[in-house]
Visitor: 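The structure that follows is given in the form of C-alpha cells.
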Amino acid sequence: MKNSKELTRDRQNKFQIYLGEREVDLLREKAESYGMTRSEYLRNLIVFGSVRAPSKLSDSQFQDLLNELNHIGVNINHIARRVNEARNADREDFDLLVLHYEQLMNLFRKWADF
C-alpha cells in the first residue's frame with residue numbers, strides 16, 4: 001500500500017544507484033553549487049544534458065532584457081542595411097556601431113549581475 005507522500009508525487013518511479021564516497025561527495029558539492037538537491041541536479045543532467053542554474057530573473061525582468069537586446073539588434077541592422085546600400089561606411093556608422101556594442105556589453109553585464 002502506498003503512503004500519502006507517494007500518492008502526491010509527480011514522479012512515481014524510483015531509481016537507485018550505487019556510488020563511491022568520492023562520487024557522493026562530488027554529487028553533493030555540484031548540486032549545492034547550483035542550489036539544487038541531488039535529485040534536481042541529476043534530473044537536469046538527464047533532461048538537458050547539463051545543469052543550468054535557476055534564473056534569478058523574474059519573467060518581467062527577462063522580458064525587459066530581451067526587449068533591450070532586440071532594440072539594439074534592430075539598430076545594428078539599420079546601420080548594416082544603410083552601409084550595404086551605400087557601399088560605404090563613414091565615421092558616423094562606425095561610432096554608432098561602437099555605441100551599440102557598448103550598450104550590448106552593458107546589457108550582458110546587467111544580465112550577469114542577476
Visitor: I need the minimum non-hydrogen distance between G35 and E40, along with the two atoms involved.
Guide: O-OE1, 4.5 Å

Visitor: What's the verdict on side chain to side chain contact (heavy atoms under 4.5 Å, CB included) for R43 and R11, showing C-alpha distance, side-chain angles and the deciding distance?
Guide: CA-CA 11 Å; R43 278 193 294 273; R11 296 172 180 89; 3.0 Å; yes

Visitor: Please report the C-alpha distance between M36 and V51 in whole Å, then the side-chain angles of each, then the deciding distance to 0.1 Å, and finally whether the side chain to side chain contact (heavy atoms under 4.5 Å, CB included) criterion is met.
Guide: CA-CA 10 Å; M36 298 177 177; V51 177; 3.8 Å; yes

Visitor: Kindly compute the distance separating OG (S39) from CG (N44), expressed to the nearest 0.5 Å.
Guide: 11.0 Å

Visitor: Can you list, pair by pair, the side-chain donor-acceptor contacts under 3.5 Å of residues 94-106, counting residues two or more places apart and other chains?
Guide:
| from | atom 1 | to | atom 2 | distance (Å) |
| --- | --- | --- | --- | --- |
| D95 | OD1 | R91 | NE | 3.2 |
| H100 | ND1 | Q103 | OE1 | 2.9 |
| N106 | OD1 | R109 | NH1 | 2.8 |
| N106 | ND2 | E102 | O | 3.3 |

Visitor: Could you give the side-chain donor-acceptor pairs of residues 14-21 under 3.5 Å, partners two or more places apart or in another chain?
Guide:
none

Visitor: Say whether F108 and F62 are linked into one hydrophobic cluster, either directly or through other cluster members, by side-chain heavy-atom distances under 4.5 angstrom.
Guide: yes

Visitor: Main chain of L66, side chain of N70: is a donor-acceptor contact present, judged purely on distance under 3.5 Å?
Guide: no

Visitor: Which Ile, Leu, Val, Met, Phe, Trp or Tyr residues join I46 in one cluster when any pair of side-chain heavy atoms under 4.5 Å counts as a link?
Guide: none

Visitor: Does atom CG (D59) have a neighbourhood of more than 12 heavy atoms from anything else shown, all under 6.0 Å?
Guide: no

Visitor: Quick one: side-chain hydrogen bond (donor to acceptor under 3.5 Å, both in side chains) partners of N67, sequence neighbours excluded?
Guide: Q63

Visitor: Scan residues 68-86 for pairs that pass salt bridge (charged side-chain N to carboxylate O under 4.0 Å, His left out), counting only residues two or more places apart or in two chains.
Guide: E68-K110, R82-D93

Visitor: I want to check something: taking the side chain as every heavy atom from C-beta on, are V83 and D90 in contact at a cut-off of under 4.5 Å?
Guide: no

Visitor: Is any side-chain heavy atom of D25 closer than 4.5 Å to one of E29?
Guide: yes

Visitor: Evaluate whether atom CZ of R28 has more than 12 neighbouring non-hydrogen atoms of other residues, nucleotides or ligands under 6.0 angstrom away.
Guide: yes

Visitor: Not counting sequence neighbours, which residues clear side chain to side chain contact (heavy atoms under 4.5 Å, CB included) with V47? List them please.
Guide: none

